[in-house]
Each structure stands twice: as C-alpha cells, then as structure tokens.
There are 2 protein chains.
Amino acid sequence: MVNEQEFLAGYDPRAYPAVAVTVDVVALTIRDNELQVLLIQRAAPPFAGFWALPGGFVRPEEDLGVAARREFAEETGLGGEPLRRVHFEQLASYGTPERDPRMRIFSIAYLAFAPDLPEPTAGSDAGDAQWLALTALPTRELAFDHRKIIEDGIERARSKLEYTPLATRFVGEEFTIADLRAVYETVWGHPLHAGNFHRKVLSVPGLVEGTGATTEHGGPRGGPRARLYRAGDARLLHPALLRPAREETVR
Amino acid sequence: MVNEQEFLAGYDPRAYPAVAVTVDVVALTIRDNELQVLLIQRAAPPFAGFWALPGGFVRPEEDLGVAARREFAEETGLGGEPLRRVHFEQLASYGTPERDPRMRIFSIAYLAFAPDLPEPTAGSDAGDAQWLALTALPTRELAFDHRKIIEDGIERARSKLEYTPLATRFVGEEFTIADLRAVYETVWGHPLHAGNFHRKVLSVPGLVEGTGATTEHGGPRGGPRARLYRAGDARLLHPALLRPAREETVR
DNA sequence: AGGGTTATTCTCAGCTTGAGTTATTCTTAG
DNA sequence: CTAAGAATAACTCAAGCTGAGAATAACCCT
C-alpha cells in the first residue's frame, strides 16, 4: 500500500496500460409530445449497428464541458444562438473496467436539455443520427453501458424539473402555461391538474414572467387565447414543484 | 471533424499525450459538533506542504467506487464492518486541462459520510492525515482544485439531508432525536426548532424506528432520558425535510 | 348557432409548517 | 435535600400549500 504522495511522486502512470477519457451526451428534447433522446448508429465494431450516445475523446487541451458541447454540436449541426439556449450539465462518470472491450475507457456523461430541434441528419456529419422516443428505447440495441447512462439522465431530468426552472429549457423563448405543463407531463409521464399547475407556476417567485401578449389564436381544438410568458430569473424553485409521491420510489 | 465511430475505429489513443484518472474522496464526519473533512498533507511537489483530499490513481482492473473506498480505507485505517457503515456516492468529475501541472489528470470525486471516527493517524499509512473542521478551511492552503471539490461536496451533503435519510449515517447505530437534530443543525449551519423537528422526524415514514429503549441517563445538563431510535428503511423522504429557504440561494 | 375544448379563476377541505406553550423528567448547584 | 435549570415530548393555533372539483369565459369546428 502506498499513499497518494508516494504514488504520484514515484510512479510513472505511462507505465500503466493506457486509459482514455471520453464524454458522452444524453441530449433530451420533446418532440411530438414525447421525450426523445439523441442517438447515433455505430458503423464500426465494437457494437457495430448498435445505437449509442453521441460522444468521443476529450481532446488534449479541451475542458470537459467544451468537449460535451462540441460532440453535441457535431451531431446536431447546431451552433450560435440556438446552441447557447441548450442547457448542459455534468451527469455522472462511468468507468467499469469491462465497459469497453478495447481498452480502459472512462466516460464522463453530460446531460443536455434542448427545445424542439429538427432531425439532426441535415447539416451534421453524422450519417445515422436521430432523435428516438424513450418509449421506443426498450426495443433498441444500445452499445456499451449507454442504456444505464440514459436511465440515469432521465431520472436526473425528472427530479431537476421539481426544484429548478429547467422545464423552460424545453420550450421556446415565449410559451404558455399549457406548454410548460406539457413538458412536465411528458417528462414525468403522467397528467397534472391544469388548474393547480397554473396556480402553482404563477405563485413560485421567478419561475415565469408575463409578456403581456397572448397567443394569436386559441388552441387547435378550441379554447381561448392563452397568455404568453418568458422564463423568469429564478435558479431554484421555492417552494419546489413536487411530483406526486409514488410509494414504490420511497423504499 | 470526425464522428465517434471513425474516431474510435481509426485513431489510436496511445498516440495522444497520456492521460490519467484518479479518484478523490471528500469524506465528511461530525466531530466536536462541527462538520469536518478528511485531508492529507502533501509531502512532494507539486503543492508540497499543501493539504489535499485523499485519493490516487484508479488501478487497471479496479472499479471507480472500489478505488474510492480503497483510498479512504488506506488513509483512515478503517475496514470491515465500520467501513461498511460509511456511505459512498459519486460526486462529480473534474478535468480542466491545467488542474494538475504534471499532465492531464481527470479526477472523479466521491463523497463519503461517516459517523464520528477517530483521528486517522493511528493505524493508517498516511503520515499527515487529519480531520479538519470546515470553519478552519478558509485559512488552509489546498492543493489543485480541491477547495472547489470540497465546496461541491458540502453543498451535495446539505441538499441530500433534505430528501434522503443520510443524516442517520452521521450518527451511531442507535441515536436520539436530539442527536439527529444536531446533525442537521451542524451540516446546515443553523438551529432548528426542537419541537417541530421532533414531530417531523417521527411523521416521515421510514426515517426512524423506535427501539423501545431510552438513554441510560438524561443529558449532561439535565433533562429526561431520551428515547432511542434506529435508521428506518426509507431511501427517500416523503415529504422532504426542507431547510428554511434562503432568498439568496434562489436567484 | 351550437357543441366541444381549453385557459383561467374560485372554492373548500385536508395537510404541513412555523412559532409558541405546557407537562414531565432529570442533572446539578447550593 | 431542595430548588433551579435544561431537555424531551406533546400540544395548540394560525398561516400557507395541496389536491380535487367546479365555474366562467373565450375560441375552434362543423
């Protein structure tokens, strides 16, 4: 047994089997009223033909968050202002020795939240990138431990909706309370009481601020014009917008 | 620009400058009514004489969590059942290119919560390991980005007390409600209403379960014998035990 | 013009919270 | 031995928040 000092001082890590560090991005968006995740189809082994998260090696002088944004941008063709509206945060790291059959690869996963984006095929250099609905995920063959990473990302997203204004990242610059409610219902996967949600959203300080304007028309199936809102300046929601407790998740 | 498949398939990462992956452990405990963190004093450059988190390289066939536990055990001399009572969880990863002057080192930080432990000098192989009160931290010179890592760990601990039974990890097997309250007050850094805390702890399902026994004596300055409790089987607290909102943290 | 749909506002009971109080048990100082 | 001080545990009460349901009004479509 040696301690850190001796280890760092007396040992050349280059003598170790090489390791590599990648970033993988769990990019979530809402399309067609479904939560969708960005996947690319692998062309080469291992896991050729399997679907995988966008990601790749961190470059020598590159910061982790920068690498995650770069990988996301490469696959989606997104840049400039639209890219700035996408929220990135570090999710977790994965480093089981056998997670990649070629060598020891540590992956630092990032979570990205984007408003409704176009199919990524146009303008990107990824031959086979696509948004996939979460409901279609169980039947897909996923590479490496990416299924686990996606599950972790979804759980993070669900809980972050509770106590941060993250939901506003899934909608456009201006939105209605119903738009916001649709985000919560989609991510949490069950319907909410429209009246109570409305009351709650307006009562939490800094969640949304009114623009004074309304939608041009009512909804496609009727109803009055809805008021438009912008994201407020809160970074945490107090009191939080809690999802209904499910007994199973507690124990 | 190449995508992940081409990159992984066509590029030998060994041609890159070598990178290394370490784990660092933010181990928190409560001693003398203060939140304390485990630090070791570096003997060799860089940052010789500075204090640092226990940590070291992840071994070739070693899982991340295992590496974190190993590093913690090496510094504290802890093993067996006492070590099993320590809670470990992954905190975050740090990989800024210039965070270590020698080479590109990615660090995956873990957070550990332990009940009152002895000074780590006895039985460990770390010449200069010690528990340091958080209040003494600002005047210490810390190596690398370890100050930032500790801050992230503390914030994580504070918020995990709210919605998990983590506080029971800072006390012994059996404890009184007052013991538990002391944990919350110490970690959150401000006093709580004893009566309300008592009511709340007993009303959250699965947080604690009574043992039927009481303490042998009353408190050192008087008061009746307190009932003893054990940790319950809840993994999440519903409803959560929220810390009083501080306006500054919200925006 | 009328039926169905939706945004927004109300009502109301039940629950939780913050703050304060009370009864009781125990330690310590005198 | 006794009184003062301290802490546990239980209780009260007002205020705020939640879930459920309903009312109102604006708007789409046929």
Side-chain angles (χ1 to χ4, degrees), chain A residues 33 161-163 171 174-185 188 190-205 207-229 237-247 250, chain B residues 33 161-163 171 174-185 188 190-229 236-247 250:
Chain A
N33 270 326
L161 282 197
E162 295 191 302
Y163 57 93
V171 293
E174 299 197 337
F175 52 87
T176 68
I177 303 285
D179 292 336
L180 206 56
R181 178 160 50 85
V183 171
Y184 277 90
E185 292 179 332
W188 285 351
H190 60 78
L192 298 174
H193 185 292
N196 292 342
F197 182 84
H198 199 278
R199 174 183 60 187
K200 177 71 183 178
V201 166
L202 295 185
S203 76
V204 174
L207 211 199
V208 300
E209 56 185 30
T211 66
T214 69
T215 51
E216 291 281 319
H217 308 286
R221 289 184 299 186
R225 302 178 181 181
R227 292 186 198 151
L228 288 171
Y229 296 85
L237 306 186
H238 267 286
L241 225 157
L242 299 174
R243 46 185 155 165
R246 289 161 305 168
E247 185 62 33
V250 176
Chain B
N33 271 326
L161 282 197
E162 296 192 302
Y163 57 92
V171 293
E174 299 196 337
F175 51 87
T176 67
I177 303 286
D179 292 336
L180 205 56
R181 179 160 49 85
V183 171
Y184 276 89
E185 292 180 331
W188 284 350
H190 62 77
L192 299 174
H193 185 294
N196 291 341
F197 182 84
H198 197 278
R199 172 182 62 185
K200 177 70 182 178
V201 166
L202 294 185
S203 76
V204 174
L207 210 199
V208 299
E209 56 185 30
T211 65
T214 68
T215 50
E216 291 281 321
H217 307 285
R221 288 184 300 184
R225 301 177 182 182
R227 293 185 199 154
L228 288 171
Y229 296 85
L236 286 175
L237 306 186
H238 268 284
L241 225 157
L242 300 175
R243 50 186 152 162
R246 288 162 304 168
E247 185 62 31
V250 175

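Side chains included, hydrogens not; waters and symmetry mates left out as well; all remaining heavy atoms used. Letters A, B, ... are given to chains in the order of the sequence lines, protein chains preceding strands, and every chain is numbered from 1.
In this structure, B:Gly222 reaches the bases: a heavy-atom distance under 4.0 Å links it to at least one base atom across the strands shown.
Heavy-atom distances to DNA chain C give each of B:Ala240 and B:Pro220 a nearest nucleotide, and the one nearer the 5′ end belongs to B:Ala240. Heavy-atom nearest nucleotides on DNA chain C were determined for B:Pro239 and for A:Ala194, and the one closer to the 5' end corresponds to A:Ala194.
When side chains are defined from C-beta on, A:Tyr184 counts as touching A:Leu241, because their heavy atoms get closer than 4.5 Å. When side chains are defined from C-beta on, A:Tyr229 does not count as touching A:Val201, because their heavy atoms never get closer than 4.5 Å. Side-chain atoms of B:Thr176 and B:Leu228, non-hydrogen and from C-beta on, do get closer than 4.5 Å to each other.
Checked against D:dA9, C:dA7, D:dC28, the side chain of A:His217 finds its nearest nucleotide in D:dC28. In this structure, of C:dA7, D:dA20, C:dT17, it is D:dA20 that holds the atom nearest to the side chain of A:Arg199. Taking the side chain of B:Pro224 as heavy atoms from C-beta on, and the options D:dG21, D:dT8, C:dT8, the nearest nucleotide is D:dT8.
The distance between atom CD1 of A:Ile177 and atom C1' of C:dT9, rounded to the nearest whole Å, is 13 Å. The separation between A:His193 atom NE2 and D:dC17 atom P is 18 Å, rounded to whole Å. Between B:Asn196 atom CG and D:dA15 atom C1' there is a gap of 13 Å when expressed in whole angstrom units. Regarding B:Phe197, its CZ atom lies at a distance of 16 Å from the P atom of C:dA19, rounded to whole Å. The separation between A:His238 atom NE2 and D:dC17 atom P is 13 Å, rounded to whole Å. In this structure, B:Arg227 places its CZ atom 7 Å from C1' of D:dA9, rounding to the nearest Å. At whole-Å resolution of the value, CG in B:Leu192 and C1' in D:dA7 are 16 Å apart. Taking atom CG of residue A:Leu237 and atom P of nucleotide D:dT18, one finds them 12 Å apart after rounding to whole Å.
Contact check, A:Arg221 against C:dT6: a side-chain N or O comes under 4.0 Å of OP1 or OP2. A close approach under 4.0 Å does occur between a side-chain nitrogen or oxygen of A:His198 and OP1 or OP2 of C:dT8. Residue B:Arg225 has no polar side-chain atom (N or O) positioned under 4.0 Å from OP1 or OP2 of C:dT27. Residue B:Lys200 places none of its side-chain N or O atoms closer than 4.0 Å to OP1 or OP2 of C:dT16.
Heavy-atom minimum distance, A:Glu185 versus A:Leu192: OE2-N, 2.8 Å. Across all non-hydrogen atoms, the minimal contact from B:Glu162 to B:Leu237 is O-CD1, 3.8 Å.
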